[in-house]
Amino acid sequence: MILMLTIFTALKNKIMPISLTKFNLLIALWLGLALNLAFYQKIQQLTPYQGIKAQLFLAATVIVVIALYNALLQLLNWRWNAKVVAAVLLFIGGFSAYFVSSLGVVISPDQIQNAMQTDPNEAKDLASMRLVVWSIVMVILPIVLMTQIPILKEALPKVLLKKTVNLLASFAVIGSLLFVFYVDYAAIFREHRDLKGMLSPQNAIASSLSYYRHQAPKKNLPLVAYGTDAHRNIDVSNQSKPKLMVLVVGETARAESFSLNGYSKNTNPELSKLDILNFSQVSSCGTATAVSVPCMFSGMPRKQYDEQLANHREGLLDIAKRAGYKVAWLDNNSGCKGTCNRVEQVQFSPELKKKWCSDLGGECHDEILVDGLKQYIDAIPENDHTPRLIVLHQMGSHGPAYYERSTAKYQPFKPTCNTNAIQGCSPQELINTYDNSIVYTDYVLSQIIGTLNANQKYQTGFWYLSDHGESTGEHGMYLHGAPYAIAPEQQTHVPMIMWFSPAWKAENTQQMACLGAQKSKELSQDNLFPSLLSMLDINTKVKDRNNDMLNSCAPAA
């Protein structure tokens, strides 16, 4: 980096015009060297060689990347657009390199989707002094210096000749080095397909194109009806009390950080006192909210999940509403990702926002969900006996500002990482801060259960399921959103908890026995759609019996 800055500064001071091909080579050097150190570190870890051979293999990789960018720039850049193209590449590459090198993030179409659906509060959580410094040194300064380099005016035949020579030389270098190390590169990239997500700026560009081609929601598509035959069982009318189910969609909670699942630190002091069902082997549909939440409500198993179809097809909440349930969504996150578009979306009162949200009207602590649920239930007319499904969407343990995900009363683990620049914290500080967010979630969930337990009008039920997990530095990875095929268990192994009131248990004894027998069974978010419908006594042909946790409890036909 210092070498490149020195070169740029010298060129600026001397106002030394250079040819277009040399300009392209300089940009290729910056893109290939300065912005891809994390990529080369990963290659070094995967190299099959030792000593001098390993160094030669790494050097060959660096040269191939530079030659590749040089060839692309010779094709794209002409004197009239060279600086604009270079500025765009330096900007995209600079910021993608920050997330790859600082947070171990693999840039993929799912990460682009996350970025497109990020709200201002989530974006604010990513801002840090480290990012500011990086932006100045690795993005702004290179762009400014690049604009100061004069490009020679040359005759078109001469330009074409130089470009041709550069292209041939680049392809010759690439071809010869790939030939020499073909077996090694083939083995590495076949087993580690995620590596292309670490190479800036192609990672961000290719992933963005893939997102807009395959995953971006298509507009004005007709709504596809689903589960139109949904109805409640006839014998439901004989129940003494209607059902009220609260589904809590957790955020960024991983199962391994729950003491209920054997974690050595007591992160579940409140839930451990309650008569709950804890399911210890549950996997998520995705590694990001934008994927998992629509998937778990869609009725499609993870392996058959079609995101485009889910975007314009009715889902779990529509079916429950059709079957006679009043459905409500209370959100303390970045929205329901389209799953609640056709049901009631309850807004928190100004009093609750003042009590639980930041002074600037930003993020709110999850206790707002407890008070919001109480207000919602208290507002139900006494003579209203309609069954209800209420969804609470947590802020949970959303990073990287984990220190903001708990209050002082629920921060037993010290020292903590009181910054969103988590890369600068020690592993112990980071883990403590994340664990404190789990302790706070434990308290919030226990309060929700307490609210339901105190209600005598309904037979009440509670189901908590996190959308995905989180990496906190394991394997050099932070946050979430890794491609599912290579995602670590920290991002896919999620907590799932249920609780039922005495009235619910009395009316549904078979359900209780069946669920209790599955606490250690391998389950997933695929089970949510059919199992919740069965718990709510809703029949429809679109229920997948194979994923219905209560299927084995159903009476013989």
Side-chain angles (χ1 to χ4, degrees), residues 38 96 98-119 121-126 128 194 197-198 203-204 207 211 215 249-258 261 282-296 302 305 307 332-337 363 366 393-405 417 420-423 425 427 430-431 433-438 441 464-496 524-525:
S96 63
Y98 170 79
F99 290 103
V100 172
S101 62
S102 297
L103 296 171
V105 172
V106 176
I107 306 297
S108 65
D110 286 347
Q111 291 288 15
I112 300 300
Q113 182 181 37
N114 293 340
M116 296 302 298
Q117 297 189 14
T118 294
D119 63 19
N121 285 327
E122 289 181 343
K124 180 190 68 176
D125 286 344
L126 292 171
S128 66
D194 58 304
M198 299 181 68
N203 50 10
S207 295
Y211 166 73
Q215 294 177 232
V249 178
E251 172 65 55
T252 321
R254 63 188 191 192
E256 72 173 45
S257 296
F258 274 50
N261 294 321
V282 182
S283 61
S284 65
C285 183
T287 61
T289 305
V291 176
S292 285
V293 170
C295 179
M296 59 200 287
R302 181 183 70 81
Y305 179 57
E307 191 161 13
N332 189 34
N333 202 306
S334 57
C336 66
K337 312 306 179 187
E363 296 174 351
D366 276 335
H393 191 193
Q394 274 190 290
M395 178 59 73
S397 302
H398 197 286
Y402 305 119
Y403 69 100
E404 294 184 345
R405 304 294 171 252
C417 175
N420 57 357
I422 55 178
Q423 316 91 309
C425 294
L430 181 57
I431 293 297
T433 311
Y434 179 81
D435 288 346
N436 287 337
S437 73
I438 301 298
T441 285
Y464 166 77
L465 178 59
S466 184
D467 59 352
H468 55 79
E470 185 85 332
S471 289
T472 54
E474 302 82 9
H475 313 292
M477 299 181 70
Y478 295 86
L479 306 181
H480 52 267
Y484 202 93
I486 58 97
E489 186 174 300
Q490 286 82 9
Q491 295 190 30
T492 60
H493 184 198
V494 294
M496 187 169 86
S524 73
Q525 291 177 347

Which pair of heavy atoms, one from Cys285 and one from Gln525, lies closest together, and at what distance? N-OE1, 2.8 Å
Heavy atoms, side chains only, cut-off 4.5 Å: are Tyr478 and Pro400 in contact? no
What I want to check is whether the side chains of Thr252 and Arg405 have a donor and an acceptor closer together than 3.5 Å. no
So, for Cys295 and Tyr305, which heavy atoms are closest and what is the spacing to 0.1 Å? CA-CE1, 3.5 Å
What's the shortest heavy-atom distance between His493 and Val282, and which atoms? CD2-O, 3.2 Å
State, with a plain yes or no, whether a side-chain heavy atom of Gln423 is found less than 4.5 Å away from one of Ser102. yes
Residues Gln490 and Ser471: side-chain donor-acceptor under 3.5 angstrom: no
So do Phe99 and Gln111 actually touch side chain to side chain, heavy atoms under 4.5 Å? no
Using atom types as modelled and distance alone, determine if a side-chain donor or acceptor of Asn332 lies under 3.5 Å from a backbone N or O of Gln394. no
Are side-chain heavy atoms of Thr289 and His393 found at a separation under 4.5 Å? yes
Heavy-atom closest pair (Ala38 atom, Val100 atom, distance to 0.1 Å) is CB-CG1, 3.9 Å
Please check this pair: side chain of Thr287 against backbone of Ala482, looking for a donor-acceptor N/O pair closer than 3.5 Å. yes
How close do Asp366 and Gly396 get, heavy atom to heavy atom, and via which atoms? OD2-N, 2.8 Å
Give, for atom CD of Glu363 and atom CE of Met395, the distance between the pair rounded to the nearest 0.5 Å. 4.5 Å
Describe, in one word, how the ring planes of His468 and His480 are oriented to each other, choosing from parallel (under 30°), tilted (30 to 60°) and perpendicular (over 60°). tilted
Distance in Å, Glu251 CD paired with Ser437 OG, rounded so as to fall on 0.5 Å steps: 10.5 Å
Would you call Tyr402 and Asn436 a side-chain contact if the rule is heavy atoms closer than 4.5 Å? no
Does any N or O in the side chain of Tyr484 come within less than 3.5 Å of the main-chain N or O of Ser284, such that one atom is a donor and the other an acceptor? yes
Are side-chain heavy atoms of Glu474 and Pro488 found at a separation under 4.5 Å? no
Donor-acceptor pair, Ser292 side chain versus Asp467 backbone, under 3.5 Å? yes
Which pair of non-hydrogen atoms, one from Gly481 and one from Ser108, has the smallest distance, and what is that distance? O-OG, 4.0 Å
side-chain contact (heavy atoms from CB on, under 4.5 Å), paired with Thr472, selected from Leu479, Ile422, Leu430: Leu430
Between the CD1 atom in Ile438 and the OG atom in Ser257, the distance rounded to the nearest 0.5 Å is 5.5 Å
Between Ser207 (side chain) and Ile112 (backbone), is there a donor-acceptor pair under 3.5 Å? no
What is the distance from atom CE of Met296 to atom CZ of Arg302, rounded to the nearest 0.5 Å? 14.5 Å
Using modelled atom types only, decide if a donor and an acceptor are shared between the side chain of Asn261 and the backbone of Ala255 within a distance under 3.5 Å. yes
Verify, without hydrogens or angle tests, whether Ser466 (side chain) and Ala253 (backbone) share a donor-acceptor contact under 3.5 angstrom. yes
